[in-house]
Amino acid sequence: MSTSPFDMAVRTETAASSNKNEGSGWAMTVSDYLMSRRMQTMHAYQRQRTGSVSTTDTLSDIAKAEQGVFSALFALLVQRLEEGHTVLTIAAGSAWQQMLLEAMVRPLIDCLPPIADTPDSDNVPLTLDAFLREDKHWQAALWQLAMPSYQKDTLTARYHSSAALYQVFKQINQNNSHQNSLSNFLTIIKNSSFIQTDEEKDSSENSPIIYRWQDNPQTLTLWLHRAWQAEHDLVQHILRIKSQNVQPLDILPNTLLNTEQQSAIDMANRSALSIITGGPGTGKTFTVAQLVMALQSGQYDDNTLSNTPNLALSAPTGKAAQRMQESLQAAIEQAGIDMQLPEAKTIHRLLGIGQGGRARYNQSNPLGEDIIIVDEASMLGVELAKDLVSAVKAGARLILLGDANQLAAVDAGAVLADLCRVPQLQDVHQALSISRRFDAQSGVGQLARFINTPQKDSQGVWQIIDQHDSLEFYTLYQGIYNKNSLSKIKFLKLISSKYSKYFKKTKNIKLKNSSTKSIPTSEAFNFASQLMNVLSEYKVLTAGHHGVCGDHNINQYLTQQHKEVLQLPLSKSEWYHGRPVMVLQNNYELGLFNGDIGVCLETERGRLQVFFEGRAQGIAVNMMSEDMVTTAYAMTIHKSQGSEFEHVAIAFDDQHTRLLSQELIYTAVTRAKKQVSIFSTLSAFEYALSTPTIRQTGLSLQFQGEG
Ligand SMILES: Nc1ncnc2c1ncn2[C@@H]1O[C@H](COP(=O)(O)OP(=O)(O)OP(=O)(O)O)[C@@H](O)[C@H]1O
């Protein structure tokens, strides 16, 4: 067996364990739709460029190599985007060829049956070289796969692209020293009619892949065209907004502001763009409220703007928007000012982004508001951020607030963290570091700071946990994975015990109204608010949906417990009195937004209605499908962004390793105002603490050479 530089033991265990753990394997977990869309997109590009979909047989060797390289890079870039990266960065000197091949082949290996079952194996570990050199291994494996033929076709296309990429690498390495291999790969890329450098960005050709080459050190950055365009437009609009002159507002001096807060206000007052970052309770909202109050004073006098400057308050989720409004209102009331704020909206709603994904407000039809304040900006992905900044009218101010240490957006990009690092934006960025919520002694604050420390000794965390009653750690052991094991039951009981108060309250509400057989609708809203208050005292947060520590399992357990307390008859219906729910998708007709929290109550004549925060009218349960809402005793940490609770319990284990990161744990811990309980295996906890998320994006590269 040859030993090429890319040899990788495609171990039997890898294939076997992936088959065992994933159950249905990679191909089944990636949505069929997405896979077929990738192929459609690629074929559409090919048709656009060449007039037909070329079959590999009719192409010359050079064209085959080019097509193979293009197909492989295209597949990798789509994969990167799904993982949250907007670019693929290849640096000379790294094991870049192996890295690309492994990433290409990984999904194929994941659905291979154990190698021992394939002909010729004789239990000899298969190498990447052998796998890609002869397609008999793939053919043998394919034959055994139980999946629809179009999925097999997609995977086979991936196999061929991987093999073509491998051949290209072999060619490069034969003719050149390893040192030059990346610049030689660049030559192939330059020749491809499907890949274009961003220096040609103004040409009429629209290549599906864009690249930028940097000489020192040699680095190749690749984007899918759409991701490049989003980042490019985002940069252009950010610089456009920043370059606008604004008339300073007449802000009354506030001796309460600390030096950082004062600098933030001065910056936001003189600049059309401002970015104010800081951890929880550092006064981001309090600071920006000073600016909002200056509007009220009527001192705004700028010919370029309307005489009555107006304000837009927005955040990525409904929950975050609502919290922002409450904090701003509180700061304004604290200053003794009587001012009615506009309703804070989700960014989707502010921009009028409907089902089709297109924004009604955009560059050619900008928003009318003169000041746009966006909270929880860390949740902005690159596409939504681009839509937002494009819609800011000339002369208007944009103020971004957020915590750059929190989880990056679910969508690709890490916009806030990236913007905070860009040299051109340093004069419009102010970080706030003094937390009013967590003083120096606070356990939650100390734990949050520790998690953010870059080079930390993970053992230090135990000292912090030991020293504070507000912090608890419950070690989970392998036993939790056994069905009905004592440790699994104990874990579920412990993590759920704080819900007994909520269960009792829902029962009392039902009993109190038993004479009338149900709650009068007029009173239901009141009861719902009381229940919502109890719900904000304790929340179980999970890393993922699946497994013992996933929100699905914990919600299922709590549903059962709750129904037992209420002595509800067995029923197949998902809906019952007291069920807490969270909205999963925006529904403009019902006025519900992703992240909204509600409680189901049995109202007059036994009608089950859901009451959402800040909404007096209930919504009949039959108006909501199970796709639209989910039970919300427990929720994922991603979904909890923008919310706060007195006490949070955080659950995760080794099955969630793929999802764990420093940012995830930081976000979970900082959802707590007073108390944190962590339920985890030691290994998963230590892994999370020592794993920062690295999102590769091209935003800072796109700022280079601009403005
Ligand atoms: N300079 C100050 N003087 C008095 N109170 C302040 C000051 N700064 C902040 N606060 C108070 O501290 C609390 C937290 O402030 P604020 O809500 O503005 O923080 P934040 O950074 O927006 O927090 P979060 O990220 O959790 O939304 C509020 O009650 C606010 O009124």
Side-chain angles (χ1 to χ4, degrees), residues 251-269 274-294 311 313-337 339 341 344 346 373-380 399-409 416-417 420 429-442 444-445 447-449 451-452 536 539 541 595 613 637 640-648 663 666-676:
I251 298 179
L252 297 174
N254 186 338
T255 48
L256 289 175
L257 294 172
N258 65 37
T259 321
E260 289 172 344
Q261 292 175 332
Q262 189 61 57
S263 306
I265 275 294
D266 294 344
M267 174 189 76
N269 200 15
S274 33
I275 304 166
I276 303 174
T277 57
T282 47
K284 301 180 288 294
T285 324
F286 183 86
T287 305
V288 93
Q290 314 302 313
L291 206 80
V292 171
M293 287 184 283
L311 180 69
L313 304 178
S314 194
T317 66
K319 179 78 195 164
Q322 190 193 342
R323 259 202 65 223
M324 168 194 202
Q325 180 137 25
E326 285 165 5
S327 304
L328 265 179
Q329 198 72 59
I332 289 167
E333 278 165 21
Q334 197 180 330
I337 295 207
M339 179 181 180
L341 287 171
T346 61
I373 304 174
V374 177
D375 202 2
E376 301 289 350
S378 60
M379 293 168 81
L380 285 173
I399 303 172
L400 300 176
L401 308 176
D403 184 350
N405 291 317
Q406 277 198 32
L407 274 175
L416 185 68
C420 291
H429 171 219
Q430 175 66 49
L432 307 181
S433 60
I434 304 158
S435 174
R436 291 245 165 190
R437 171 136 35 107
F438 306 129
D439 59 30
Q441 266 64 52
S442 146
V444 180
L447 180 59
R449 274 192 294 278
I451 296 169
N452 275 338
S536 68
K539 184 63 71 182
L541 303 181
E613 277 167 313
I637 298 166
S640 75
Q641 272 181 287
S643 300
E644 283 177 347
F645 310 94
E646 297 295 314
H647 179 179
V648 298
E663 289 78 3
Y666 172 80
T667 304
V669 166
T670 54
R671 296 312 88 211
K673 288 186 187 167
K674 296 203 173 119
Q675 202 171 346
V676 172

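Since the model is a prediction, treat every value here as computed from it, not as a measurement. Numbering of ligands and ligand atoms starts at 1, following listing order.
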Has [X] got a side-chain atom pairing as donor or acceptor with [Y]'s backbone, closer than 3.5 angstrom?
{"X": "Thr317", "Y": "Ala320", "result": "yes"}
{"X": "Gln325", "Y": "Ala321", "result": "no"}
{"X": "Lys539", "Y": "Glu644", "result": "no"}
{"X": "Thr667", "Y": "Leu407", "result": "yes"}

Worksheet item: Taking distance alone, with no angle check, do Lys284 and ligand 1 share an N/O pair under 3.5 Å?
Response: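 Between Lys284 and ligand 1 (N or O atoms, distance only) the closest approach is under 3.5 Å.
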Worksheet entry | Gly279 heavy atom under 4.0 Å from ligand 1 |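 Flag set, Gly279 near ligand 1.
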Worksheet item: Is Gly281 in contact with ligand 1, taking contact as a heavy-atom separation below 4.0 Å?
Response: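 The answer is yes, since Gly281 has a heavy atom less than 4.0 Å from ligand 1.
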Worksheet entry | For the student: nearest non-hydrogen atoms of Arg671 and Gln406, plus distance |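 Here Arg671 and Gln406 meet closest at NH2-NE2, 2.9 Å.
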Tell me: protein heavy atom nearest [atom], and distance?
{"atom": "atom 27 (O) of ligand 1", "result": "Arg323 NH2, 3.0 Å"}
{"atom": "atom 11 (C) of ligand 1", "result": "Arg436 CD, 4.0 Å"}
{"atom": "atom 31 (O) of ligand 1", "result": "Gln334 OE1, 3.3 Å"}
{"atom": "atom 15 (O) of ligand 1", "result": "Gly283 CA, 3.6 Å"}

At a 4.0 Å threshold, what atoms of ligand 1 neighbour a non-hydrogen atom of [X]?
{"X": "Arg437", "value": "26 (O)"}
{"X": "Leu256", "value": "1 (N), 2 (C), 3 (N)"}
{"X": "Glu644", "value": "26 (O)"}

Worksheet item: What is the distance from atom CD1 of Ile399 to atom CG of Asp375, rounded to the nearest 0.5 Å?
Response: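 Here the rounded value is 11.5 Å.
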Discussion item. Working note: Glu260 + Ser433, criterion side-chain hydrogen bond (donor to acceptor under 3.5 Å, both in side chains); need CA distance, chi angles, decisive distance, verdict.
Written reply: CA-CA 8 Å; Glu260 289 172 344; Ser433 60; 2.7 Å; yes
Discussion item. Protein non-hydrogen atoms only, distance under 4.0 Å: does atom 6 (C) of ligand 1 have such a neighbour?
Written reply: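 Under 4.0 Å from atom 6 (C) of ligand 1, at least one protein heavy atom found.
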Fill in: Non-hydrogen protein atom less than 4.0 angstrom from atom 29 (O) of ligand 1
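No; the ligand atom in question lacks any protein heavy-atom contact below 4.0 Å.
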Item to complete: Using the side chain to side chain donor-acceptor pair (under 3.5 Å) rule, pick out the option among Thr259, Asn258, Asp266 that qualifies with Gln262.
Response: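 Option passing the side chain to side chain donor-acceptor pair (under 3.5 Å) with Gln262: Asp266.
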